[in-house]
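Residue numbers begin at 1 in each chain, while the letters A, B, ... track the order of the sequences.
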2 protein chains.
Amino acid sequence: MMKKYTIKDIAQLAGVSKGTIDRVIHNRGNVAKDVENKVKRLLEDINYQPNLIARNLKNNRIYQIGALLPDPKKDAYWEVCTDGINQALSEFSAFDIRLHTMLFDPTDTESFIKSHQQLMTSAPDIILMVPLFYKEAKSVLKNYEEAGIQVCTFNNQIEVSKANFIGQDLYQSGRVAAKLLHTIADKGDMAIIHIDEKYKNAVHMQEKERGFKSYFDDLSGFQDHILKCKIRYTETEDKLRAFLINNSNLKGVFVTNSKAFHVARLLETENKNHIKLVGYDLLAENVNYLKVGVIDFLIHQNPRQQAYLGLKFLIEHLVFEKQIPNKFLLPIDIINSENVTPFLRD
Amino acid sequence: MMKKYTIKDIAQLAGVSKGTIDRVIHNRGNVAKDVENKVKRLLEDINYQPNLIARNLKNNRIYQIGALLPDPKKDAYWEVCTDGINQALSEFSAFDIRLHTMLFDPTDTESFIKSHQQLMTSAPDIILMVPLFYKEAKSVLKNYEEAGIQVCTFNNQIEVSKANFIGQDLYQSGRVAAKLLHTIADKGDMAIIHIDEKYKNAVHMQEKERGFKSYFDDLSGFQDHILKCKIRYTETEDKLRAFLINNSNLKGVFVTNSKAFHVARLLETENKNHIKLVGYDLLAENVNYLKVGVIDFLIHQNPRQQAYLGLKFLIEHLVFEKQIPNKFLLPIDIINSENVTPFLRD
DNA sequence: CGCATTACTGTGTTCGAGCACAATTTATGA
DNA sequence: TCATAAATTGTGCTCGAACACAGTAATGCG
């Protein structure tokens with residue numbers, strides 16, 4: 001096996017200087033056509049791969065990356081994103097990456113807009129964001145598109161946008177929840193419970209609901225009901241209790257976000273341990289209920305990995321000119337009390 | 001924010017030349033003590049991180065990596081390892097990595113030894129291997145240790161060896177299987193079925209069995225039996241059929257390797273669909289039975305990721321002098337018919 | 001023909017770290 | 001005091017790609 005070909009090798013093979021090879025590679029013109037063809041064929045023949053490392057040695061640019069993320073202080077779900085981001089930064093510590101993070105309140109659309117505007121003042125080359133609010137995100141993404149700033153989104157997909165997306169297939173994750181409940185729950189009614197967010201603007205919860213329903217629709221033998229319950233954060237406990245008590249044929253509950261622990265608390269105090277419970281995300285409170293068996297399964301959305309991959313893709317795009325995948329779907333992790341531990345690290 | 005510090009910057013700050021800085025960094029001596037202390041403090045203060053990329057530009061060594069892997073033609077479980085290896089190679093294509101792969105027959109210990117011996121003739125700098133056979137692997141690993149060749153193992157852990165290991169906690173994965181069966185199966189007996197490999201030399205199957213049993217031991221209310229059945233490849237069908245028919249109180253089956261489809265086939269033909277089945281690995285045959293509901297859950301051991309990480313760790317060790325983690329445990333993925341698709345890519 | 005313009009090609013420097021070797025300073029001994 | 005050895009420090013080249021700029025050849029035009 002030969003050592004890797006360098007520009008110098010190719011220059012020698014072609015009988016020209018490395019300057020000419022460089023001009024051919026980058027289509028910078030000023031090369032006689034016959035020479036150009038000859039060099040191009042040669043490059044093809046030996047499948048020349050430039051040394052990305054040497055290339056970036058010279059190119060010591062400072063890259064500005066903007067991040068528009070939900071404030072973990074307002075919702076613990078987002079805490080682990082920081083780890084993912086730090087991991088990506090440390091992996092690329094050889095390059096000069098400046099990350100400007102702006103946090104917004106995940107319950108407040110205005111805060112989202114404000115943070116966005118402030119982020120713009122740092123003149124980022126590229127953006128990583130969680131487009132939590134459908135309507136607002138759409139307009140913000142349009143802004144970036146017009147400004148010619150590439151964006152990578154995660155957690156929520158805004159289908160109409162051209163922005164790249166990293167996350168899970170939410171429709172399918174609803175189906176996974178349905179399959180799990182169908183496998184473990186006794187025959188009876190199933191409930192979809194949406195807690196805390198503005199349902200209309202939260203496409204992700206609607207998608208999960210659609211998937212959940214589609215699973216039971218596909219079943220030939222299912223004769224019971226799929227109930228639905230929307231709850232605001234302020235009214236959580238009373239409304240939930242009423243819902244659980246009034247539906248006596250209820251055998252399974254699907255909570256469409258990380259708030260399953262609210263339902264778990266009630267199931268425990270009301271002694272309704274025949275009702276199976278499936279929810280999302282490895283918050284400490286959820287994990288506790290999972291371990292004692294009140295929550296049966298959690299679906300892990302892996303926000304850490306989402307943030308990590310998003311930032312990694314962006315950096316590789318800036319530094320190595322790699323293409324960012326338009327849509328990158330993470331696997332849907334099923335978690336029970338026995339396999340939860342290693343996922344807490346991820 | 002400042003640009004990154006380089007050796008030149010530090011030399012200027014310390015009022016010496018970059019040669020001296022270099023000598024201090026690498027403890028190459030020939031530096032006056034007061035200067036050395038001054039520079040060391042300065043390096044600490046500004047937290048100097050050398051540019052790994054520039055470092056490796058000069059260091060254009062050719063690294064020889066040996067790989068001792070089971071032949072995918074003999075057992076489809078190993079097929080995806082190739083993908084993981086290719087991914088790692090392409091990620092580090094900037095460096096000159098030469099991979100020498102030797103395959104062995106996963107049912108034949110002699111083939112393992114032979115491949116090992118042949119691999120040694122290529123004088124590898126470092127080794128990636130699957131120590132499938134406990135006794136033989138132990139002696140092979142000792143060979144490498146004496147030759148001062150660092151080894152990274154995956155899939156099977158040889159506890160006594162100093163080699164690094166990537167894989168799953170097999171004891172815990174047995175517990176996961178137990179928890180799943182306990183969650184979905186009716187009250188009754190559970191069976192552990194070992195198919196195809198020499199049980200005594202297959203520590204991984206023993207570990208899974210131990211974990212499985214421990215879960216039921218921890219249960220206070222479990223009054224039924226944990227059965228056990230060892231089956232050779234040649235006798236699979238008849239012995240299995242007899243086992244399934246003779247144990248009428250059987251409600252759940254745990255197959256400790258990727259051969260669950262053998263059991264699934266029988267459960268289907270014998271119409272025993274009240275028996276729940278949990279096995280390992282996303283072989284096409286297993287996935288088919290998972291989709292039609294004969295297999296209820298599969299545990300994904302992610303051999304692709306194991307091979308990928310193993311090679312990645314080795315390369316980063318050679319190229320960047322990074323420490324290889326002594327033990328890297330992958331999460332235990334639970335797979336059902338609804339979340340299987342994205343895992344087939346991994 | 002001579003000079004300018006265009007067309008093309010080659011040379012040399014840069015990036016950051018590593019290392020060989022040259023250069024300088026300090027110490028030692030006769 | 002001076003030569004020489006020893007200790008310390010500085011200089012310059014290398015890696016591969018990128019690019020500015022210098023250099024050369026070919027062509028055009030009066």
Side-chain angles (χ1 to χ4, degrees), chain A residues 2-40 42-43 46-63 92-97 318-322, chain B residues 2-40 42-43 46-63 92-97 318-322:
Chain A
M2 271 284 298
K3 218 191 137 311
K4 286 225 155 93
Y5 286 103
T6 71
I7 278 196
K8 222 166 91 186
D9 299 329
I10 294 161
Q12 211 159 26
L13 286 171
V16 292
S17 74
K18 65 199 181 82
T20 302
I21 305 296
D22 186 67
R23 274 183 287 270
V24 173
I25 288 173
H26 296 91
N27 286 311
R28 286 203 265 111
N30 291 325
V31 180
K33 257 167 223 141
D34 55 333
V35 176
E36 183 173 345
N37 289 331
K38 187 172 149 195
V39 171
K40 274 191 173 163
L42 192 56
L43 287 171
I46 64 174
N47 185 29
Y48 170 69
Q49 300 289 119
N51 184 330
L52 296 178
I53 280 168
R55 169 176 291 171
N56 278 287
L57 184 58
K58 184 64 190 293
N59 230 15
N60 56 347
R61 270 194 57 188
I62 298 174
Y63 299 101
F92 290 95
S93 61
F95 306 98
D96 212 335
I97 312 285
L318 289 175
V319 174
F320 300 132
E321 285 167 15
K322 269 200 195 175
Chain B
M2 271 285 298
K3 220 190 135 311
K4 285 224 155 92
Y5 286 103
T6 72
I7 278 196
K8 223 166 90 184
D9 298 329
I10 294 161
Q12 211 159 26
L13 286 170
V16 293
S17 73
K18 68 198 184 81
T20 302
I21 305 296
D22 187 66
R23 276 183 286 268
V24 173
I25 288 174
H26 296 92
N27 288 311
R28 286 203 264 112
N30 292 326
V31 180
K33 257 165 222 144
D34 55 332
V35 176
E36 184 173 344
N37 289 329
K38 188 173 149 193
V39 171
K40 273 190 173 162
L42 191 57
L43 287 170
I46 65 174
N47 185 29
Y48 169 70
Q49 300 290 119
N51 184 331
L52 296 178
I53 279 168
R55 171 177 290 171
N56 279 286
L57 184 58
K58 183 65 188 293
N59 226 18
N60 55 347
R61 271 194 56 189
I62 299 174
Y63 299 101
F92 291 94
S93 61
F95 306 97
D96 212 335
I97 313 284
L318 290 175
V319 174
F320 300 131
E321 285 167 16
K322 268 201 197 176

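Contact annotation: A:Tyr48 reaches the phosphate of D:dA17 (side-chain N/O to OP1 or OP2, under 4.0 Å). Distances shown here put every side-chain N or O of A:Tyr5 at or beyond 4.0 Å from the OP1 or OP2 atom of D:dA17. The phosphate of D:dG16 has neither OP1 nor OP2 within less than 4.0 Å of any side-chain N or O from A:Arg55.
Side-chain contact between B:Leu42 and B:Tyr48: absent, with no pair of heavy atoms (C-beta onward) separated by less than 4.5 Å. The shortest side-chain heavy-atom distance between B:Leu318 and B:Phe95 does not fall under the 4.5 Å cut-off. Side-chain contact check for B:Val39 versus B:Val31: every heavy-atom pair is 4.5 Å or farther apart. Residues A:Lys38 and A:Val35 are not in side-chain contact: their nearest non-hydrogen atoms beyond the backbone lie 4.5 Å or more apart.
Atom NZ in B:Lys18 sits roughly 11 Å away from atom P in C:dG16 (whole-Å rounding). Between B:Lys8 atom NZ and C:dC19 atom P the separation is 19 Å, expressed in whole Å. Going from atom CZ of B:Phe95 over to atom C1' of D:dG16 covers 13 Å, rounded to whole Å. Look at CD1 on A:Ile7: it is 13 Å from C1' on D:dC15, rounded to the nearest Å. Counting to the nearest Å, the C1' atom of C:dC19 and the NE2 atom of B:His26 are 10 Å from each other. Between A:Ile25 atom CD1 and D:dA17 atom P there is a gap of 7 Å when expressed in whole angstrom units. With rounding to whole Å, A:Gln12 atom CD is found 12 Å from D:dG16 atom P. As a whole-Å value, the separation of B:Lys58 NZ from D:dC15 P is 7 Å.
Sorted by first then second residue, the side-chain hydrogen bond (donor to acceptor under 3.5 Å, both in side chains) pairs that include residues 8-19 of chain B, not counting sequence neighbours, are B:Thr6-B:Asp9.
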Hey, what are the protein-to-nucleotides 7-9 of chain D N/O distances that come in under 3.5 Å?
| unit_1 | atom_1 | unit_2 | atom_2 | d |
| --- | --- | --- | --- | --- |
| D:dT9 | OP2 | B:Ala32 | N | 2.9 |

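Judged by distance alone, the side chain of A:Lys4 and the main-chain N or O of B:Ser93 form a donor-acceptor pair under 3.5 Å.
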